[in-house]
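Report on the structure given below.
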4 protein chains.
Amino acid sequence: MARPSDVHAKIDLLRAAEQAFVEHGLEKARVEDITAKAGRSKGSFYLHFQSKEDAFRQIVEGFLARLAAMVEYPVDLDADFETIITSWHEKDLELFEFFWQNRAVAQLLLHGGSSAQFRYMVDEFAERARTNCRMLVELGQARGYYRQDLDLDVTSLAIAGAYDRVVRELVAQPKKPDLSRWLETVQDLLLRGLAANPERARRRPRS
Amino acid sequence: MARPSDVHAKIDLLRAAEQAFVEHGLEKARVEDITAKAGRSKGSFYLHFQSKEDAFRQIVEGFLARLAAMVEYPVDLDADFETIITSWHEKDLELFEFFWQNRAVAQLLLHGGSSAQFRYMVDEFAERARTNCRMLVELGQARGYYRQDLDLDVTSLAIAGAYDRVVRELVAQPKKPDLSRWLETVQDLLLRGLAANPERARRRPRS
Amino acid sequence: MARPSDVHAKIDLLRAAEQAFVEHGLEKARVEDITAKAGRSKGSFYLHFQSKEDAFRQIVEGFLARLAAMVEYPVDLDADFETIITSWHEKDLELFEFFWQNRAVAQLLLHGGSSAQFRYMVDEFAERARTNCRMLVELGQARGYYRQDLDLDVTSLAIAGAYDRVVRELVAQPKKPDLSRWLETVQDLLLRGLAANPERARRRPRS
Amino acid sequence: MARPSDVHAKIDLLRAAEQAFVEHGLEKARVEDITAKAGRSKGSFYLHFQSKEDAFRQIVEGFLARLAAMVEYPVDLDADFETIITSWHEKDLELFEFFWQNRAVAQLLLHGGSSAQFRYMVDEFAERARTNCRMLVELGQARGYYRQDLDLDVTSLAIAGAYDRVVRELVAQPKKPDLSRWLETVQDLLLRGLAANPERARRRPRS
DNA sequence: TATGAATGAGCGTTCATTCAT
DNA sequence: CATGAATGAACGCTCATTCAT
């Protein structure tokens with residue numbers, strides 16, 4: 001069993017690194033800043049990470065992995081559409097909650113202190129999110145809920161972007177906003193935009 | 001007289017710097033790479049720029065200035081709404097065209113090799129764009145075209161984000177896409193989402 | 001624990017810096033030369049000094065501080081003049097000894113590889129030395145040992161200068177000269193020059 | 001015949017260089033500063049000087065050459081000593097006048113913005129001045145005017161130093177001091193110090 | 001294992017000098 | 001001859017990484 005202090009060493013360092021990266025970006029953040037913030041020695045950093053970039057990667061990958069797990073839940077294609085949309089809403093709320101909880105790293109990624117060499121990770125994820133989104137739209141079309149004349153590529157992009165930006169603002173808030181209301185506003189806007197029959201697109205207020 | 005200053009020098013350097021910054025980000029881009037790419041000596045860089053950061057700033061500021069000139073056109077509040085929307089569409093098309101023409105810098109800014117110290121410039125611009133957007137939505141509400149129940153803050157965010165992301169994709173395309181179609185797709189989605197009376201939101205195809 | 005800091009490091013570096021500064025002057029001395037001479041890495045220099053100028057300042061300040069401690073000994077104004085003169089002679093001998101021991105830095109300062117920005121430190125010190133000297137002359141006048149017709153400003157200048165130059169030569173000697181004889185020669189010349197009654201000015205040889 | 005502007009080009013540059021060197025020292029003074037101050041182009045500098053160091057050398061050499069011409073006047077060894085001393089006084093006054101007129105360069109040399117590589121020129125000159133001085137003292141001894149027990153090396157050093165320092169102060173004065181009085185003060189001090197018979201050493205006031 | 005002193009590659013910037021005009 | 005734009009060697013300093021203790 002490691003000494004109690006060791007248990008938290010890596011966690012302390014990761015947290016400090018997160019802060020440092022958010023504040024200064026990958027390049028400008030100094031390893032010494034990180035270790036000082038974590039109250040550890042400079043050498044200890046290299047007991048846990050191969051390099052500064054490695055620490056960055058671990059932070060990003062950890063975040064994206066947890067994020068991916070939330071986003072790529074299997075859609076039950078046989079369920080009725082109303083159910084799918086409802087579960088979508090629930091999932092998105094969890095997502096917003098997750099972003100809020102991890103707003104430091106989220107800012108890091110969404111604003112891009114990421115430095116060219118890690119951009120691909122965020123881009124890849126953004127692409128996957130958009131693909132997910134696109135599948136949902138296609139499903140909606142197939143079921144006749146959504147308009148047939150949509151350009152799926154551009155539409156999915158716009159939807160993903162709307163989420164993107166709202167989340168980016170979300171994580172920059174000093175106090176936790178009403179996530180549910182934010183989410184509903186976005187979904188309402190987009191669902192109406194997608195709907196074949198506007199009347200049905202209106203989200204029913206939760207009773 | 002003295003050797004006349006090479007009029008292409010600064011332009012060459014700016015172009016090379018743009019490339020280097022897009023490829024490696026501000027920190028990792030080396031001045032020597034920039035000058036080599038521009039086929040100039042290292043010293044020549046400092047004939048035109050105070051520092052590497054200065055070159056970066058000039059690129060960003062130049063781009064944002066030209067962009068701002070396009071975005072902040074005065075809206076004729078007395079015009080009828082159809083006219084406003086039409087002119088909005090035209091302006092946006094110019095904007096898309098502008099982004100395509102300047103896709104290198106656009107990528108630089110939208111992805112954010114920008115490094116913490118310049119983020120504020122992009123953020124500030126994004127904020128202005130969103131404010132513009134918000135004003136248009138308010139106007140639509142006042143005229144009765146848009147729903148009254150919209151949360152202006154979040155809605156304007158979502159709209160700005162949709163544009164954001166579409167443009168980000170746009171500038172990453174290897175070949176020039178059909179800007180007009182992309183734009184119409186986005187606007188159609190959003191206008192329908194905003195519309196009080198869905199029938200009227202449908203954009204009429206240009207005759 | 002960590003590698004204990006090499007206690008000789010800073011001393012080695014200061015010595016090497018002294019040499020380099022004496023040889024090439026502040027500007028031309030290269031940090032890399034200094035560290036090479038000290039058998040250390042370039043980086044180690046910056047563990048001990050903020051900058052090349054800082055190292056220079058530390059050397060000069062250290063020297064001047066020790067020097068000041070020797071020069072500004074309190075004169076017992078109530079003592080009889082013979083005693084004062086004797087103690088003056090003793091102090092000066094210590095001073096000569098000190099300059100000889102520290103001839104490297106002394107040369108640096110007296111010749112002035114000092115670069116404009118540090119000249120003031122030497123000038124300030126020279127001014128203080130001259131003021132000290134002036135006070136002694138005034139005292140001699142008050143006691144009736146020295147002539148009343150002296151222009152104190154110029155006289156003290158000349159006396160300080162005589163010392164200056166002798167010391168400058170002293171520190172340039174390859175072998176330690178007879179400090180005592182040098183000192184006596186100077187003092188004898190000056191005391192005779194100052195004396196109201198030439199007979200009394202003659203220094204008695206130590207028995 | 002060169003164009004009128006050319007006639008003054010080198011003179012302008014030398015003057016500007018003097019200023020720049022006095023202000024910043026050889027290393028820190030930039031060629032561009034010099035040419036700007038002279039109202040000339042950077043290239044013109046190299047029409048007149050091989051390098052920055054060359055300009056410095058020309059300034060120093062020019063000054064020292066004119067100085068040497070004043071100092072090394074032939075002493076008429078057959079003249080009676082009173083005459084020699086009187087002519088010495090006259091020469092020294094001219095010297096003081098010369099230093100005052102050329103106080104900019106004088107400061108440059110005496111304070112030593114000279115940088116290691118030119119120190120030898122000043123040192124050499126200082127050595128010659130001291131040798132001159134020594135010869136005069138020897139002469140005085142031979143004629144029985146000066147004490148026989150003087151250590152010529154150290155004494156000449158002290159005398160040269162007294163002049164040195166007084167001149168150094170002289171050239172730093174904002175307003176022209178009474179050169180004659182300064183000179184007499186120094187000479188009086190030194191002559192009394194040297195004199196075998198104090199009574200004869202007293203300088204007679206000019207009638 | 002933990003520490004932090006030591007290392008040295010790397011890069012931004014300066015500025016004396018050159019040379020095309 | 002005069003100009004000043006262009007050049008590139010040189011050097012101070014930083015900081016990620018190593019490693020002796």
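Letters A, B, ... are given to chains in the order of the sequence lines, protein chains preceding strands, and every chain is numbered from 1. These figures come from a predicted structure and were not determined experimentally. For the numbers below, each heavy atom of this structure counts, side chains included, while hydrogens, waters and symmetry mates do not.
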With both pairing distances under 3.5 angstrom for Watson-Crick or G-U wobble, and | for a partner in another strand, the correct string for DNA chain E is .||||||||||||||||||||
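Between A:Ser41 and B:Gly43, it is A:Ser41 whose nearest contact on DNA chain E lies nearer the 5' terminus. Along DNA chain E, the nucleotide closest to C:Leu47 and the one closest to B:Gln50 are compared, and the more 5′ of them pairs with C:Leu47.
Rounded to whole angstrom, the span from the NZ atom of B:Lys52 across to the C1' atom of E:dT14 amounts to 17 Å. The CZ-P distance, from C:Arg40 to E:dA5, rounds to 14 Å in whole Å.
Each of A:Lys28, A:Lys37, A:Arg30 was checked for a salt bridge (charged side-chain N to carboxylate O under 4.0 Å, His left out) with A:Glu23, and the lone residue meeting it is A:Lys37.
At a threshold of 4.0 angstrom between heavy atoms, the contacts of D:Lys42 include nucleobase atoms, whether or not backbone atoms are also involved.
Residue pairs meeting the side chain to side chain donor-acceptor pair (under 3.5 Å) criterion with at least one partner in residues 41-52 of chain B, sequence neighbours excluded, are absent.
When distances run from any side-chain atom of A:Tyr46 to the nucleotides E:dA5, F:dT18, F:dA2, the shortest one goes to F:dT18. Distances from the side chain of D:Glu53 to the nucleotides F:dT3, E:dA2, E:dT17 place E:dT17 closest.
The line from CG of B:Leu47 to CG of B:Asp6 is 11.0 Å long, rounded to the nearest 0.5 Å. Taking CZ of A:Phe56 as the start and CG of A:Leu14 as the end, the distance is 12.5 Å to the nearest 0.5 Å.
Looking only at side-chain heavy atoms (C-beta outward), A:Glu53 and A:Phe118 come within less than 4.5 Å of each other. A heavy-atom distance below 4.5 Å is not found between the side chains of A:Gln101 and A:Phe98.
For DNA chain F, no neighbouring residue in residues 28-36 of chain B is found when judged by any heavy atom under 4.0 Å.
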